[in-house]
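Presented below is the structure to which this report refers.
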Amino acid sequence: QVQLVESGGGLVQAGGSLRLSCAASRRTFNSYPMGWFRQAPGKEREFVAVISWSGSSTSYAESVKGRFTISRDNAKNTVYLQMNSLKPEDTAVYYCAAARRSGKPTTGDQYDYWGQGTQVTVSS
């Protein structure tokens with residue numbers, strides 16, 4: 001079992017930045033691709049970004065490409081999401097997730113472990 005704990009959310013003005021962190025409870029995390037998803041009120045959960053287990057490969061949703069950066073530090077069992085140029089439409093609860101499979105999954109049903117989420121609110 002892997003437990004994931006997100007942190008770093010908060011309230012920021014449009015154009016600002018936040019960095020989310022997701023700490024995993026076990027070193028087996030290092031062999032899993034890790035993803036970030038988000039869910040806004042009244043909307044379905046959507047994919048944001050994913051990083052391979054080694055950190056050598058990443059993929060992003062079109063809506064965040066060029067503004068968000070996913071990274072990981074396997075020595076610290078932690079994955080990050082650096083969010084720049086934030087927009088009000090980025091407001092959502094952000095979740096990290098771990099997948100017990102290879103590659104870079106981009107749909108929620110491919111993930112096995114989820115964090116509790118952290119709120120990000122971007123004011124206009």
Side-chain angles (χ1 to χ4, degrees):
Q1 188 75 12
V2 175
Q3 291 184 324
L4 304 173
V5 179
E6 301 98 334
S7 61
L11 174 64
V12 64
Q13 289 188 333
S17 298
L18 282 174
R19 188 175 82 155
L20 306 184
S21 299
C22 173
S25 61
R26 293 180 59 178
R27 291 195 61 82
T28 48
F29 148 92
N30 295 346
S31 62
Y32 299 159
M34 297 292 295
W36 285 97
F37 290 77
R38 67 186 182 186
Q39 186 167 21
K43 294 187 176 181
E44 294 188 353
R45 182 179 60 196
E46 64 174 355
F47 165 76
V48 175
V50 60
I51 188 166
S52 62
W53 70 269
S54 66
S56 62
S57 183
T58 59
S59 293
Y60 298 90
E62 285 298 322
S63 59
V64 306
K65 199 172 290 185
R67 300 188 297 122
F68 290 11
T69 302
I70 188 171
S71 62
R72 67 191 296 164
D73 185 341
N74 285 346
K76 297 181 178 180
N77 295 354
T78 301
V79 64
Y80 305 97
L81 185 68
Q82 178 67 44
M83 305 185 295
N84 299 328
S85 303
L86 283 161
K87 305 175 181 180
E89 51 263 44
D90 294 318
T91 295
V93 177
Y94 283 71
Y95 300 90
C96 71
R100 292 187 302 172
R101 62 183 67 230
S102 60
K104 295 180 294 179
T106 59
T107 59
D109 60 358
Q110 295 178 292
Y111 284 80
D112 302 281
Y113 305 107
W114 292 83
Q116 83 288 350
T118 185
Q119 176 70 47
V120 171
T121 303
V122 184
S123 63
S124 57

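Below, each value reflects all heavy atoms present in this structure, side chains not excepted, and no hydrogens, waters or symmetry copies. Since we're looking at a predicted model, the values are computed, not measured. One-based numbering along the sequence shown.
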Taking [X] for the side chain and [Y] for the main chain, is one N or O donor matched with an acceptor at less than 3.5 Å?
X: S56; Y: S54; answer: no
X: R100; Y: D112; answer: no
X: Y60; Y: I70; answer: yes
X: T91; Y: V122; answer: yes
X: S52; Y: S57; answer: yes
X: E6; Y: Q116; answer: yes

Indicate the atoms forming the closest heavy-atom contact of [X] with [Y], along with that distance.
X: F37; Y: G108; result: CE2-N, 3.6 Å
X: W53; Y: R72; result: CA-NH1, 3.3 Å
X: K104; Y: T58; result: NZ-O, 3.4 Å
X: Y32; Y: A98; result: CD1-CB, 3.9 Å
X: N74; Y: F29; result: OD1-CE2, 3.6 Å
X: P33; Y: G103; result: CB-O, 3.3 Å

Under 4.5 Å between any side-chain heavy atoms of [X] and [Y], yes or no?
X: R45; Y: W114; value: yes
X: Y80; Y: D73; value: yes
X: R67; Y: D90; value: yes
X: F68; Y: L18; value: no
X: V64; Y: R38; value: yes

Got a second to check how far [X]'s [atom1] is from [Y]'s [atom2], nearest 0.5 Å?
X: S21; Y: Q82; atom1: OG; atom2: CD; result: 9.5 Å
X: T78; Y: M34; atom1: OG1; atom2: CE; result: 9.0 Å
X: Q13; Y: S124; atom1: CD; atom2: OG; result: 9.5 Å

Single-linkage hydrophobic cluster [X]~[Y], side-chain heavy atoms < 4.5 angstrom:
X: L4; Y: Y94; answer: yes
X: V93; Y: L20; answer: no
X: M83; Y: V48; answer: yes

Passing candidate, side-chain contact (heavy atoms from CB on, under 4.5 Å) with C22, options V5, V79, L81, T118: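 Exactly one candidate clears the test, V79.
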Test: R26 cationic atom under 6.0 Å from Y113 six-membered ring centre, within 45° of axis: no
